[in-house]
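Data block below; observations after.
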Amino acid sequence: MSHVEPPARSAYLGSFDELEARVVIEILSARGVRAFLKHDPARGESAPYPSMSDSGVVLVDSAHLQEARRIVTEELPAHLEGIRQAMDLLESGSSPDDATSGDGLPE
């Protein structure tokens, strides 16, 4: 008889704004942690009236909750700062190359 893994249970990771929630899911997925939005408007959720407060709720496999919290705490701020800097460059009309030295690193 083969061993069958029990179904993953989800656990609440946190509530984020829409952009942050997408970044969190991307970061966790890249690190092998299954994460998803409680109510993903892009997937046409079947909940008749999802609460607006649920729109950025991120759930993860409960077996990886502590790991997910650690990853988000360590990596989310740097990702958001990179996005902010890229948006600032776009708004200023500069190209990303203008903000770096010849080696591609920020000045």
Side-chain angles (χ1 to χ4, degrees):
M1 188 154 121
S2 65
H3 175 71
V4 176
E5 289 290 320
R9 292 183 182 224
S10 61
Y12 174 84
L13 177 65
S15 183
F16 305 88
D17 70 31
E18 188 175 337
L19 173 65
E20 288 174 341
R22 301 270 178 204
V23 173
V24 166
I25 290 171
E26 182 179 309
I27 291 169
L28 293 175
S29 294
R31 301 292 297 275
V33 176
R34 186 170 177 259
F36 52 96
L37 291 173
K38 182 174 181 180
H39 293 291
D40 187 351
R43 289 191 6 219
E45 296 292 326
S46 61
Y49 302 104
S51 165
M52 289 303 287
S53 64
D54 287 344
S55 64
V57 172
V58 175
L59 303 173
V60 297
D61 179 338
S62 62
H64 299 281
L65 180 59
Q66 294 305 319
E67 176 186 8
R69 285 182 177 154
R70 180 188 56 75
I71 291 168
V72 169
T73 299
E74 292 174 1
E75 297 184 23
L76 182 60
H79 274 57
L80 294 176
E81 179 61 20
I83 291 169
R84 187 194 63 75
Q85 289 177 359
M87 294 301 295
D88 288 348
L89 283 173
L90 287 173
E91 289 175 359
S92 71
S94 301
S95 73
D97 294 332
D98 294 343
T100 60
S101 59
D103 58 5
L105 297 174
E107 294 181 18

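Heavy-atom minimum distance, A35 versus I25: O-CG2, 3.8 Å.
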Before giving the answer on side chain to side chain contact (heavy atoms under 4.5 Å, CB included), spell out for L76 and F16 the whole-Å C-alpha distance, their side-chain angles and the decisive distance to 0.1 Å. CA-CA 11 Å; L76 182 60; F16 305 88; 4.1 Å; yes
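Qualifying side chain to side chain contact (heavy atoms under 4.5 Å, CB included) partners for E67, counting only residues two or more places apart in sequence or in other chains: V33, H64, R70, I71. Every side chain to side chain contact (heavy atoms under 4.5 Å, CB included) that E81 has, sequence neighbours left out, goes to R84, Q85. Considering only residues two or more places apart in sequence or on other chains, E26 meets the side chain to side chain donor-acceptor pair (under 3.5 Å) condition with none of them. Shown here are the side chain to side chain contact (heavy atoms under 4.5 Å, CB included) partners of A11, two or more places apart in sequence or in another chain: S62, L65. In this structure, the salt bridge (Lys or Arg N to Asp or Glu O under 4.0 Å) partners of R31, at least two apart in sequence or on a different chain, are E75. Here Q66 pairs with nothing under the side chain to side chain donor-acceptor pair (under 3.5 Å) rule; sequence neighbours left out.
Counting only heavy atoms from C-beta outward, the side chains of R22 and L37 approach each other to under 4.5 Å. In this structure the side chain of V72 never reaches within 4.5 angstrom of the side chain of I27, judged on heavy atoms.
Screening V60, L80, V58 against V24 for a side chain to side chain contact (heavy atoms under 4.5 Å, CB included) leaves a single residue, V58.
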